[in-house]
Amino acid sequence: MLNMNFKESVVIQTENQQWQPSPASKVFRKPLAREDKESGHATSIVQYIAGASFPAHPHPDGEEILVLSGTFSDETGDFGPGSYLRNPPGSQHAPFSKEGCVIFVKLCQFDPSDRQTVRDNMFEALGRNDSTGVAEVFLYQFKDEKVSTLRIPAGKTLSLQDRSGGVEILVISGKLSTTSGDWPAGTWIRTPHFNYDLEPATEDTIVMIKTGHLPL
(Lines give C-alpha, C1' and ligand atoms only; values in the text may rest on other atoms or scores of the structure.)
Protein backbone atom coordinates (compact mmCIF):
# COMPACT_ATOMS: atom_id res chain seq x y z
CA MET A 1 0.00 0.00 0.00
CA LEU A 2 1.08 3.58 -0.63
CA ASN A 3 -0.16 6.69 1.25
CA MET A 4 -3.36 4.98 2.39
CA ASN A 5 -3.46 6.55 5.87
CA PHE A 6 -5.93 9.36 5.21
CA LYS A 7 -5.28 10.92 8.62
CA GLU A 8 -1.76 11.84 7.51
CA SER A 9 -0.86 14.77 5.25
CA VAL A 10 1.00 14.01 2.02
CA VAL A 11 2.79 16.48 -0.28
CA ILE A 12 4.40 15.13 -3.46
CA GLN A 13 6.11 17.15 -6.17
CA THR A 14 5.30 14.81 -9.03
CA GLU A 15 7.74 16.48 -11.45
CA ASN A 16 10.54 14.94 -9.35
CA GLN A 17 9.15 11.40 -9.62
CA GLN A 18 10.26 8.81 -12.15
CA TRP A 19 7.78 7.24 -14.54
CA GLN A 20 6.99 3.60 -13.79
CA PRO A 21 5.71 1.01 -16.29
CA SER A 22 2.07 -0.08 -16.27
CA PRO A 23 0.50 -3.33 -17.55
CA ALA A 24 -0.17 -1.59 -20.89
CA SER A 25 2.55 -0.96 -23.45
CA LYS A 26 3.36 2.74 -23.93
CA VAL A 27 1.53 3.72 -20.71
CA PHE A 28 3.53 4.89 -17.68
CA ARG A 29 2.53 6.24 -14.28
CA LYS A 30 3.58 8.02 -11.12
CA PRO A 31 1.68 6.47 -8.18
CA LEU A 32 0.55 8.92 -5.50
CA ALA A 33 -1.71 6.69 -3.38
CA ARG A 34 -2.50 3.06 -3.99
CA GLU A 35 -4.31 0.29 -2.16
CA ASP A 36 -2.95 -2.60 -4.21
CA LYS A 37 -0.60 -2.81 -7.17
CA GLU A 38 -3.26 -3.26 -9.85
CA SER A 39 -6.61 -2.93 -8.10
CA GLY A 40 -8.56 -0.90 -5.57
CA HIS A 41 -8.18 2.74 -4.53
CA ALA A 42 -5.53 4.50 -6.63
CA THR A 43 -4.47 8.06 -7.40
CA SER A 44 -1.81 8.53 -10.11
CA ILE A 45 -0.32 10.72 -12.79
CA VAL A 46 -0.49 8.66 -16.00
CA GLN A 47 1.34 9.18 -19.28
CA TYR A 48 0.14 7.81 -22.62
CA ILE A 49 2.87 7.74 -25.28
CA ALA A 50 1.56 8.55 -28.78
CA GLY A 51 -0.43 5.59 -30.04
CA ALA A 52 -0.95 4.02 -26.60
CA SER A 53 -4.23 2.30 -25.82
CA PHE A 54 -5.99 0.12 -23.27
CA PRO A 55 -8.43 -2.64 -24.23
CA ALA A 56 -12.05 -2.14 -23.17
CA HIS A 57 -12.36 -2.56 -19.41
CA PRO A 58 -14.95 -1.83 -16.71
CA HIS A 59 -14.77 0.58 -13.78
CA PRO A 60 -17.01 -1.08 -11.19
CA ASP A 61 -16.09 1.57 -8.60
CA GLY A 62 -15.72 4.59 -10.88
CA GLU A 63 -12.94 6.62 -12.48
CA GLU A 64 -12.14 10.35 -12.33
CA ILE A 65 -9.77 11.98 -14.85
CA LEU A 66 -8.24 15.42 -15.40
CA VAL A 67 -6.33 15.86 -18.67
CA LEU A 68 -3.11 17.78 -17.96
CA SER A 69 -1.61 17.83 -21.48
CA GLY A 70 -2.15 16.30 -24.90
CA THR A 71 -5.39 14.63 -25.99
CA PHE A 72 -7.00 11.73 -24.17
CA SER A 73 -9.63 9.77 -26.08
CA ASP A 74 -12.17 7.01 -25.72
CA GLU A 75 -15.36 6.05 -27.52
CA THR A 76 -17.14 9.10 -26.08
CA GLY A 77 -14.80 11.65 -27.66
CA ASP A 78 -11.45 13.45 -27.65
CA PHE A 79 -10.49 15.48 -24.59
CA GLY A 80 -7.78 18.13 -24.48
CA PRO A 81 -6.02 19.93 -21.61
CA GLY A 82 -8.31 20.88 -18.74
CA SER A 83 -10.92 18.23 -19.55
CA TYR A 84 -12.56 16.86 -16.40
CA LEU A 85 -14.17 13.43 -16.78
CA ARG A 86 -16.14 11.23 -14.41
CA ASN A 87 -16.95 7.66 -15.40
CA PRO A 88 -19.38 6.38 -12.75
CA PRO A 89 -19.44 2.94 -11.11
CA GLY A 90 -20.37 0.28 -13.63
CA SER A 91 -19.09 2.20 -16.65
CA GLN A 92 -16.75 0.80 -19.30
CA HIS A 93 -14.47 2.28 -21.94
CA ALA A 94 -11.42 1.64 -24.16
CA PRO A 95 -9.11 4.67 -23.72
CA PHE A 96 -6.32 5.68 -26.10
CA SER A 97 -4.25 8.65 -27.18
CA LYS A 98 -3.19 9.25 -30.77
CA GLU A 99 -0.78 12.10 -29.99
CA GLY A 100 0.04 11.22 -26.38
CA CYS A 101 -1.19 12.79 -23.15
CA VAL A 102 -0.65 13.12 -19.41
CA ILE A 103 -3.65 12.71 -17.11
CA PHE A 104 -4.43 12.77 -13.39
CA VAL A 105 -6.47 9.68 -12.52
CA LYS A 106 -8.42 8.57 -9.44
CA LEU A 107 -9.84 5.02 -9.34
CA CYS A 108 -12.30 3.27 -7.03
CA GLN A 109 -13.15 6.38 -4.97
CA PHE A 110 -16.82 6.93 -5.89
CA ASP A 111 -19.85 6.70 -3.67
CA PRO A 112 -21.69 3.62 -5.04
CA SER A 113 -24.81 5.72 -5.61
CA ASP A 114 -22.94 8.40 -7.60
CA ARG A 115 -23.99 7.52 -11.16
CA GLN A 116 -23.50 10.74 -13.11
CA THR A 117 -21.22 10.87 -16.16
CA VAL A 118 -19.36 14.19 -16.44
CA ARG A 119 -17.59 15.79 -19.39
CA ASP A 120 -16.43 19.35 -18.60
CA ASN A 121 -13.37 21.54 -19.05
CA MET A 122 -11.86 23.43 -16.12
CA PHE A 123 -10.25 26.11 -18.31
CA GLU A 124 -13.51 26.84 -20.11
CA ALA A 125 -15.30 26.95 -16.75
CA LEU A 126 -12.79 29.48 -15.41
CA GLY A 127 -13.16 31.51 -18.62
CA ARG A 128 -16.84 32.02 -17.77
CA ASN A 129 -15.83 33.64 -14.45
CA ASP A 130 -14.62 37.23 -14.85
CA SER A 131 -13.62 37.78 -11.23
CA THR A 132 -10.48 39.85 -10.71
CA GLY A 133 -9.85 38.15 -7.36
CA VAL A 134 -9.58 34.47 -6.48
CA ALA A 135 -12.10 32.73 -8.77
CA GLU A 136 -13.60 29.35 -7.90
CA VAL A 137 -15.78 27.34 -10.26
CA PHE A 138 -17.40 24.11 -9.10
CA LEU A 139 -17.02 21.21 -11.52
CA TYR A 140 -19.01 18.62 -9.60
CA GLN A 141 -20.70 17.93 -6.28
CA PHE A 142 -22.20 14.76 -4.83
CA LYS A 143 -23.23 14.69 -1.17
CA ASP A 144 -20.23 16.09 0.76
CA GLU A 145 -17.74 15.68 -2.09
CA LYS A 146 -17.00 18.88 -4.00
CA VAL A 147 -14.65 19.31 -6.95
CA SER A 148 -13.66 22.77 -8.10
CA THR A 149 -11.03 24.66 -10.05
CA LEU A 150 -9.55 27.90 -8.75
CA ARG A 151 -7.61 30.70 -10.38
CA ILE A 152 -5.41 32.68 -7.97
CA PRO A 153 -4.06 35.89 -9.55
CA ALA A 154 -0.57 37.06 -8.64
CA GLY A 155 -0.68 38.96 -5.38
CA LYS A 156 -3.83 37.22 -4.11
CA THR A 157 -3.96 34.64 -1.32
CA LEU A 158 -5.94 31.40 -1.34
CA SER A 159 -7.77 30.53 1.90
CA LEU A 160 -8.72 26.90 2.54
CA GLN A 161 -8.97 26.69 6.33
CA ASP A 162 -12.77 26.42 6.26
CA ARG A 163 -12.87 23.25 4.10
CA SER A 164 -14.05 20.15 5.94
CA GLY A 165 -13.90 16.43 5.19
CA GLY A 166 -10.34 16.53 3.89
CA VAL A 167 -8.62 18.58 1.18
CA GLU A 168 -6.87 17.33 -1.95
CA ILE A 169 -5.10 19.75 -4.30
CA LEU A 170 -3.33 19.39 -7.62
CA VAL A 171 -1.39 22.46 -8.76
CA ILE A 172 -2.08 22.72 -12.50
CA SER A 173 -0.04 25.81 -13.35
CA GLY A 174 1.81 28.54 -11.51
CA LYS A 175 2.84 28.01 -7.91
CA LEU A 176 1.43 28.04 -4.39
CA SER A 177 3.75 29.31 -1.68
CA THR A 178 3.64 28.41 2.01
CA THR A 179 5.70 29.60 4.94
CA SER A 180 7.69 26.34 4.72
CA GLY A 181 8.23 26.10 0.96
CA ASP A 182 6.81 26.31 -2.55
CA TRP A 183 4.36 23.97 -4.31
CA PRO A 184 5.08 24.32 -8.05
CA ALA A 185 2.96 22.98 -10.89
CA GLY A 186 2.53 19.23 -10.56
CA THR A 187 2.45 19.24 -6.77
CA TRP A 188 -0.18 16.95 -5.22
CA ILE A 189 -1.38 17.63 -1.67
CA ARG A 190 -3.78 15.53 0.40
CA THR A 191 -4.52 16.46 4.00
CA PRO A 192 -7.32 15.73 6.50
CA HIS A 193 -7.24 19.33 7.75
CA PHE A 194 -5.72 22.22 5.83
CA ASN A 195 -3.34 23.77 8.36
CA TYR A 196 -0.83 25.27 5.94
CA ASP A 197 -0.23 29.02 5.88
CA LEU A 198 -0.43 30.13 2.24
CA GLU A 199 1.29 33.31 1.11
CA PRO A 200 0.23 35.64 -1.72
CA ALA A 201 0.75 34.02 -5.12
CA THR A 202 3.84 35.28 -6.94
CA GLU A 203 2.33 34.34 -10.33
CA ASP A 204 -1.07 33.48 -11.74
CA THR A 205 -1.91 29.99 -10.50
CA ILE A 206 -4.60 27.40 -11.28
CA VAL A 207 -5.39 24.45 -9.01
CA MET A 208 -7.96 21.67 -8.82
CA ILE A 209 -9.37 21.03 -5.35
CA LYS A 210 -11.46 18.19 -3.93
CA THR A 211 -13.00 18.44 -0.47
CA GLY A 212 -15.32 16.42 1.73
CA HIS A 213 -14.31 13.09 0.18
CA LEU A 214 -11.69 11.54 2.45
CA PRO A 215 -12.74 8.50 4.54
CA LEU A 216 -11.79 10.05 7.87
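Just so you know, residue 1 is the first one in the sequence shown, and it goes up from there. If you're wondering where the values come from, they're calculated on a predicted model, not measured in any experiment.
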Below 4.0 angstrom, N of the basic side chain to O of the carboxylate: do [X] and [Y] qualify?
X	Y	answer
Arg86	Asp120	no
Lys143	Asp111	yes
Glu136	Arg163	yes

Should the pair Tyr48 and Phe72 be assigned to parallel (<30°), tilted (30 to 60°) or perpendicular (>60°) ring geometry?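 Taking Phe72 first and then Tyr48, their aromatic rings stand perpendicular (interplane angle over 60°).
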Taking the six-membered ring for Trp, are His57 and His59 parallel (under 30°), tilted (30 to 60°) or perpendicular (over 60°)?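 Geometry flag for His59 against His57: perpendicular rings.
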Is it the case that one hydrophobic cluster holds both [X] and [Y], taking links as side-chain heavy atoms less than 4.5 Å apart, direct or via other members?
X	Y	value
Leu66	Val10	yes
Val118	Leu139	yes
Tyr140	Phe123	yes

Could you tell me whether the side chains of Ser73 and Asp78 share a donor-acceptor contact shorter than 3.5 Å?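 Side chains of Ser73 and Asp78: pair found under 3.5 Å.
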Candidate list Glu168, Glu35, Glu145, Glu64, test salt bridge (Lys or Arg N to Asp or Glu O under 4.0 Å), partner Lys106, passing option: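 That would be Glu168; it is the only one of Glu168, Glu35, Glu145, Glu64 passing the salt bridge (Lys or Arg N to Asp or Glu O under 4.0 Å) with Lys106.
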Considering the options Val207, Ile172, Val147, Leu150, which one meets the side-chain contact (heavy atoms from CB on, under 4.5 Å) requirement together with Met122?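 Only one of Val207, Ile172, Val147, Leu150 forms a side-chain contact (heavy atoms from CB on, under 4.5 Å) with Met122, namely Ile172.
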Summary of salt bridge (Lys or Arg N to Asp or Glu O under 4.0 Å) pairs that have at least one residue in residues 45-56, sequence neighbours excluded: none
Roughly how far, to the nearest 0.5 Å, is CG of Leu198 from CG of Leu158?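 Leu158 CG to Leu198 CG: 5.5 Å, rounded to 0.5 Å.
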Kindly compute the distance separating CH2 (Trp188) from CG (Leu170), expressed to the nearest 0.5 Å.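 Spacing of CH2 (Trp188) from CG (Leu170) equals 10.0 Å.
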Residue pairs passing the ring pair (Phe, Tyr, Trp, His ring centres under 6.0 Å) test where at least one lies in residues 194-216, sequence neighbours excluded: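 Every ring pair (Phe, Tyr, Trp, His ring centres under 6.0 Å) pair that includes a residue of residues 194-216, provided the two are not neighbours, is Trp183-Tyr196, Phe194-Tyr196.
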